[in-house]
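Some notes on the structure that comes next.
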Amino acid sequence: MTPAELSRLSTLLDQALDLTEAEREPWLAALQGEGAALAPTLRELLARHVAKETADLLDRGPAFELAPGGPQAGDAVGPYRLLHELGAGGMGAVWLAERSDGSLTRKVALKLPHLGWARGLAERFTRECEILASLEHPHIARLYDAGLDARGRPYMALEYVEGQPIDVYCRERALPVADRLRLLLQVAAAVAFAHGRLVLHRDLKPANILVTAEGQVRLLDFGVAKLMQGDRTMQTALTQASGRALTPDYASPEQIRGETMGTASDVYSLAVVAYELLTGSKPCLLYTS
C-alpha cells in the first residue's frame, strides 16, 4: 500500500468500526472510487474484528500486518539503516540508526511503531510528529525527520542522546544537592517551554530525563503528550480511547483517576522526580477515587 492508501484505509476503518454490524455491509457497498478499491481489505479487517472480539481488542483494533517479521539490524527504513535496538515499549521500539543515503553521517534514535495495525495509530503518529517538531529547546530531544518507508512502516528520526537517566546520573556521581537542583532547573525550563507551546508531556519520570556527560539535560518522549487548549487538554475521540498512558509512581492524582489534565499534572510529576532526587526515595502517595 502507498502511504496515501494507508492513511485512507485508517480513516475508513475508524468510520466502519463506529457502525453496527448491520450497517457495515450497506456502507461498504456504497463506497466509491478509492474507497471501493479498499472495500475488500476493510471487509477482511472487520471480519477479524468480529471473530476476535474481546475487551482488549476493542481498545486496540484488529490486527493488520503491514509487513512480515519485525525490524532487524541492517534493515533499511526510509533513508536510514538500523544498527541496534535501544529499547522497546508497548507501542513500538527505538533503534540506533544512521543515514544510508550518504547525505549525513549523524546517528539518530529511530522510533518504529510495532508492525501491527492499531486503530488510531496513524493519527497518534501524525500528532506526535507535529508536537515534537514544534519543540525546539536545548533541553528537549529534537525531531529530525519522519515518514513512511517503502513497506508502509511509519518512522521518526529523533536526536540520539548519549546519557543516563537523571536519577542514575546523580546517584553514581554522588552529586551534592546544589548540582541536583541545577539539573532540575534545566528540566523545569524544558517543561515550561513545552507548556508555553500548549504541550503537556504526561509521562515525566527519570527514565525520560537523560543527562549527558557534559551535565546537560535532554527531555525525551513526548509520544504521549497532548496538544492543549488554554490550560486544559483537548478531549477528542482519540484521546478518550487511548490517552491514559502513565507511570503510576509519577502520575498526578487527576491522571490516576482519568480526569482532565492541565499543566499542573506535569508540575506534580516533576515534583515527584525532584523529591526522589533530593531525598533518595519516592514520596508515599495515597490517592482516593
Taking 4.0 angstrom as the limit, do R106 and E98 come out as a salt bridge?
->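 Looking at E98 together with R106, the answer is no, because their closest N to O distance does not fall below 4.0 Å.
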Salt bridge (Lys or Arg N to Asp or Glu O under 4.0 Å) involving E85 - partner list, sequence neighbours excluded |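 E85 satisfies salt bridge (Lys or Arg N to Asp or Glu O under 4.0 Å) with no residue once adjacent residues are dropped.
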Set of salt bridge (Lys or Arg N to Asp or Glu O under 4.0 Å) partners for E25, sequence neighbours left out |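 Partners of E25 by the salt bridge (Lys or Arg N to Asp or Glu O under 4.0 Å) criterion, ordered by chain and then number, come out as R43.
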I would like to know whether M261 and L200 meet side-chain contact (heavy atoms from CB on, under 4.5 Å); could you show each step before the answer?
-> CA-CA 9 Å; M261 293 171 56; L200 285 178; 4.3 Å; yes
Hydrophobic cluster of V168, others only, ordered by chain and residue number, side-chain cut-off 4.5 Å |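 Via sub-4.5 Å side-chain contacts, V168 links to none.
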Report the relative orientation of the aromatic rings in Y80 and Y155; use parallel for angles under 30°, tilted for 30 to 60°, perpendicular for over 60°.
->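 Ring orientation, 0 to 90° scale: perpendicular.
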Please test L181 against L278 for side-chain contact (heavy atoms from CB on, under 4.5 Å), starting from the C-alpha separation and ending with a verdict.
-> CA-CA 8 Å; L181 288 172; L278 298 175; 4.1 Å; yes
Does the side-chain contact (heavy atoms from CB on, under 4.5 Å) test come out yes or no for C170 and L183, once each step is laid out?
-> CA-CA 9 Å; C170 292; L183 293 177; 3.8 Å; yes
Verdict with supporting geometry, L83 and W95, side-chain contact (heavy atoms from CB on, under 4.5 Å) | CA-CA 7 Å; L83 299 178; W95 284 73; over 6 Å; no
Pair E254-Y268, side-chain hydrogen bond (donor to acceptor under 3.5 Å, both in side chains): steps then yes or no = CA-CA 10 Å; E254 60 268 31; Y268 181 97; over 6 Å; no
Quick one: list whatever passes ring pair (Phe, Tyr, Trp, His ring centres under 6.0 Å) with Y160, sequence neighbours left out.
->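 Once residues adjacent in sequence are excluded, Y160 has no partner under the ring pair (Phe, Tyr, Trp, His ring centres under 6.0 Å) criterion.
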Please name all residues satisfying side-chain contact (heavy atoms from CB on, under 4.5 Å) with A188, sequence neighbours left out, ordered by chain then number.
-> L270
Please test E44 against T41 for side-chain hydrogen bond (donor to acceptor under 3.5 Å, both in side chains), starting from the C-alpha separation and ending with a verdict.
-> CA-CA 5 Å; E44 180 183 353; T41 303; 5.6 Å; no
If you look only at pairs with a residue in residues 169-189, which of them pass as a salt bridge (charged side-chain N to carboxylate O under 4.0 Å, His left out), with sequence neighbours excluded?
-> D179-R182
